[in-house]
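Predicted, not measured: the structure shown is a model, and the values here were computed from it.
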Amino acid sequence: MFRKMLFGAVSIVAMAMGAVQAQDLKEFRVGILGGENEADRLRNYQCFADHIKEVLGVEKVSLFPAADYDGVIQGLLGGTLDYAELGASAYAKIYLENKDAVEPILTTVQTDGSTGYHSVMVARADSGIKTLADMKGKKLGFADPDSTSGYLIPVTSLPKDIGMDVKSYFASTGFGGGHEQLVLEVLKGTFDAGTTWASGVGDFKDGYSSGNLRKMVDKGVLKMDDLVELWQSPMIPNGPLVLRASIDAGAKQKVTDFLTKLPETDPACFSAIQGGDFKGYSPVTPEFYQAIIDARKAKIGS
């Protein structure tokens with residue numbers, strides 16, 4: 001009886017300590033996916049850091065711009081990051097390794113009300129390549145192995161349009177080191193074409209309403225006249241904003257409420273962290289990404 005009481009007391013103390021640790025959040029650690037140069041990512045997220053510090057009442061908000069997608073993925077899996085915005089495939093990788101590591105809370109809503117976007121394949125306008133058929137036997141670049149639009153969706157959707165697997169159709173494939181760098185490599189001629197992401201809303205000549213192309217246009221590092229679009233994927237679910245699952249429920253609610261209101265309370269900050277024009281955020285659950293989870297498991301394994 002004494003042993004049972006003792007073990008019970010120890011369990012209660014451990015639970016209490018866990019609750020205190022969960023609530024005693026002194027530093028909020030934000031992971032930022034690779035794909036854009038580090039200085040731009042830090043600048044765009046500074047307003048978010050300033051806001052969230054006040055919202056949570058923490059002593060410090062730290063921004064961690066990873067060199068690639070996997071840096072953020074491993075940080076979330078290891079519990080060294082508290083928050084990040086992920087692509088659907090990056091979330092699927094985490095889910096397949098540990099479905100309880102993070103909790104998706106919100107996703108972005110496009111200006112037309114949709115909660116999806118597209119993978120687009122682009123080539124240099126002066127390359128003579130105008131269609132997907134022109135790419136047979138040419139070099140294709142992908143953005144990142146953990147990118148949904150930059151890799152997973154192209155390698156699973158393109159075979160339906162080219163009539164064979166990607167490796168058989170293209171002379172070679174490779175990775176550009178993130179979305180922005182990939183487009184720059186296409187312009188340099190490293191690849192004949194490359195896959196990146198875009199809302200698909202609005203006009204290609206503007207870089208669409210949001211996405212990597214629009215970000216590059218807005219920063220002045222890309223002129224859309226220099227590119228031509230060869231292919232566009234079916235709609236992909238917008239990636240989730242996720243929180244470390246073990247964070248206190250009260251803190252999760254504060255972050256969720258803050259983000260939900262951000263498009264109205266600070267439109268400039270909302271635009272900065274999202275890159276382009278979006279309508280707002282919408283609640284999301286793991287079920288929203290089941291098709292991507294299944295596709296990643298079938299194609300990559302984890």
Side-chain angles (χ1 to χ4, degrees), residues 35 68-69 87-90 92-93 96 114 116-205 207-208 210-214 216 222 224-239 289-302:
D68 56 20
Y69 281 42
S89 183
K93 181 174 183 177
L96 288 167
S114 65
Y117 66 110
H118 300 269
S119 171
V120 295
M121 184 188 299
V122 295
R124 277 177 51 154
D126 62 0
S127 66
I129 301 172
K130 303 298 180 185
T131 67
L132 184 57
D134 295 334
M135 273 297 293
K136 188 171 185 179
K138 300 290 197 305
K139 297 178 291 184
L140 176 65
F142 298 117
D144 185 287
D146 290 314
S147 169
T148 317
S149 58
Y151 180 64
L152 180 63
I153 293 303
V155 296
T156 55
S157 295
L158 275 170
K160 301 171 187 175
D161 295 325
I162 59 181
M164 61 184 75
D165 65 89
V166 167
K167 290 185 178 179
S168 299
Y169 192 80
F170 301 102
S172 64
T173 60
F175 292 100
H179 285 274
E180 182 176 300
Q181 188 60 37
L182 171 68
V183 174
L184 295 177
E185 293 297 325
V186 170
L187 292 173
K188 285 165 53 178
T190 305
F191 300 109
D192 295 301
T195 55
T196 187
W197 70 285
S199 66
V201 179
D203 295 323
F204 176 77
K205 65 179 178 61
Y208 292 113
S210 62
N212 178 54
L213 299 175
R214 177 61 179 269
M216 294 180 71
L222 174 66
M224 290 305 295
D225 289 344
D226 292 335
L227 294 177
V228 61
E229 182 178 294
L230 311 178
W231 173 83
Q232 187 177 115
S233 76
M235 186 171 284
I236 305 165
N238 286 342
Y289 299 101
Q290 193 59 55
I292 300 297
I293 293 169
D294 293 343
R296 179 164 183 123
K297 185 176 182 179
K299 186 65 182 181
I300 303 175
S302 63

| Between Arg296 and Asp146, does at least one N-O distance fall below 4.0 Å, as a salt bridge requires? | yes

| Backbone N or O of Thr131 within a donor-acceptor pair of the Asp134 side chain at under 3.5 Å? | yes

| Asp165 side chain vs Lys167 backbone, donor-acceptor pair below 3.5 Å | yes

| field | Close side-chain approach of Ser157 and Trp231, heavy atoms under 4.5 Å | value | yes

| task | Determine the minimum heavy-atom distance between Gly116 and Asn238, stating which atoms define it. | result | C-OD1, 3.2 Å

| task | Compare all side-chain heavy atoms of Val155 with those of Thr173 and state whether any distance is below 4.5 angstrom. | result | no

| Taking all atoms of both residues into account, what is the closest heavy-atom pair of Phe204 and Leu227, and its distance? | CE2-O, 3.6 Å

| field | Close side-chain approach of Met164 to Lys136, heavy-atom, < 4.5 Å | value | yes

| Non-hydrogen atoms of Ser233 and Ile153 that approach each other most closely | CB-CG2, 3.7 Å

| remark: Scanning both residues in full, the closest heavy-atom pair of Arg124 with Leu187 reads NH1-O, 2.7 Å

| query | Which pair of non-hydrogen atoms, one from Thr148 and one from Pro154, has the smallest distance, and what is that distance? | reply | O-CD, 3.6 Å

| query | Can you say whether the rings of Tyr117 and Trp197 are parallel (under 30°), tilted (30 to 60°) or perpendicular (over 60°)? | reply | perpendicular

| query | Are Thr196 and Val186 side-chain neighbours, meaning at least one heavy-atom pair lies under 4.5 Å? | reply | no

| task | Hey, could you give me the NZ/CD distance between Lys188 and Gln181, rounded to the nearest 0.5 Å? | result | 6.0 Å

| Any sub-3.5 Å donor-acceptor pair from Lys130's side-chain atoms to Ala125's backbone N or O? | yes

| Any side-chain heavy atom of Ile236 sitting closer than 4.5 Å to one from Ser119? | yes

| message | Using the side-chain hydrogen bond (donor to acceptor under 3.5 Å, both in side chains) definition, which of the options His118, Arg214, Glu229 pairs with Tyr208? | response | Glu229

| Any side-chain heavy-atom pair of Leu140 and Met121 under 4.5 Å | yes

| request: Measure the CG-CG distance between Asp126 and Asp225 for me, rounded to the nearest 0.5 Å. | output: 11.5 Å

| said: My understanding is that only residues two or more places apart in sequence, or in another chain, count here; which of them pass ring pair (Phe, Tyr, Trp, His ring centres under 6.0 Å) with Tyr151? | reply: Phe142, Phe175

| remark: Heavy-atom closest pair (Ala123 atom, Ser127 atom, distance to 0.1 Å) is CB-OG, 4.2 Å

| said: Taking the side chain as everything from C-beta on, heavy atoms only, tell me whether Leu96 gets closer than 4.5 Å to Ile293. | reply: yes

| query | Hey, does the side chain of Asp144 reach the backbone of Gly178 with a donor-acceptor pair shorter than 3.5 angstrom? | reply | no

| note | Taken to the nearest 0.5 Å, the spacing of Leu222 CG from Met216 CE works out to 5.0 Å

| request: Output the distance between atom CG (Leu213) and atom CE (Met224), rounded to the nearest 0.5 Å. | output: 4.5 Å

| said: Keeping Thr195 on the side-chain end and Gly150 on the backbone end, is there a donor-acceptor pair under 3.5 Å? | reply: yes

| message | To the closest 0.5 Å, what do you measure between CZ (Phe170) and NZ (Lys138)? | response | 10.5 Å

